[in-house]
Amino acid sequence: MLYHHCEILSLMEQAERSAAELILQAHGILAETKSGKRDVVTEYDRRVQELLMAQLQASVPDAHFFCEEMKEQDRLDADLLFIIDPIDGTMNFVHGFHHSCISIAYAERGTVLAGAIYNPYVDEMYSAVRGYGAFLNGHPITVTDAGLSESVVCYGSAPYNPELTARTFTLVRKVFDSCLDVHREGAAALDLCTVAAGRAGLFFELQLSLWDYAAGALIVQEAGGLCRPVDAPDFPTDGSRTSVVAGSPAAMKDFLRLLQD
Ligand code: LIP
């Protein structure tokens, strides 16, 4: 059965708004470590994911899923696929930093066609359908025209990958010397939305998973921005972890030139 993508988008937004109550009501949050002490998960990540999957499966019975807290992932080239990060910014969530979100992307046969990212703490819903533009709470958003020198930049520290730390902070210093200021906010999906809304000119992180960037990349592109890996023109199609850089066309040009220096 084929679904209109705007119809799918409103299903994703409804699911995020209802699951967000779990995040806002959370208490006694206990962190468990995954690949290391900086890679954490909570019972709330699992419960939010279960609720989202149940709600979406009820409306789209033939849907498949690729989710952060799933042991076995469904096929990325499935006809109907939801790519879910139940709580992006889990470390923030665990430590009471109210800066996390729910991120869902919808894809058909490997192409992302809709994205919704909800920050419940400030009631901000970022959304996009391919070809229809990007929105914040229903209002159109676009990236800034500014280049790096007139921009604030968000970055991610790739905390799960100590082998990337030296390069990350060398790059942060290079960018800092070329922009207005740098921010480490702790939630990649929201960093991409910050770029899409023109609040920052650029975001980069040297290692992310598909669920961290799938929806945000579409929202940036539909807001007139560019999004790709740092060291390659296109994202991997096998769902493997990758670097991500996103920004206004002018800021991306400045950043890619800066990489050559
Ligand atoms: C996190 C990202 C963050 C990155 C972390 C992790 P999670 O996602 O939002 O930018 O630095 O390594 O990927 O694990 O909270 O969904």
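Counting convention: from 1, in listed order, for ligands and their atoms alike.
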Could you list the donor-acceptor pairs under 3.5 angstrom formed between side-chain atoms of residues 207-220 and any protein atom two or more places apart in sequence or on another chain?
{"from": "Q207", "atom 1": "OE1", "to": "R241", "atom 2": "NE", "distance (Å)": "3.3"}
{"from": "S209", "atom 1": "OG", "to": "R241", "atom 2": "NH1", "distance (Å)": "2.6"}
{"from": "D212", "atom 1": "OD2", "to": "S209", "atom 2": "N", "distance (Å)": "2.9"}

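Salt bridge absent: E50 and R47 never bring a charged side-chain N and a carboxylate O closer than 4.0 Å. Residues D79 and R109 are paired through a salt bridge, judged by an N-O separation under 4.0 Å between the basic side chain and the carboxylate. At a threshold of 4.0 Å, the pair D191-R199 does not count as salt-bridged, since none of the basic side-chain nitrogens sits closer than that to a carboxylate oxygen.
Pairs passing the ring pair (Phe, Tyr, Trp, His ring centres under 6.0 Å) check and including a residue from residues 160-184, sequence neighbours excluded, do not occur. Residue pairs satisfying the salt bridge (charged side-chain N to carboxylate O under 4.0 Å, His left out) criterion with at least one member in residues 250-261, sequence neighbours excluded, are listed as follows: D254-R257.
Within 4.0 Å of ligand 1, contacts by protein heavy atoms are made from E68, D85, I87, D88, G89, T90, P159, Y160, R184, G186, A187, A188, E205, L208, D212.
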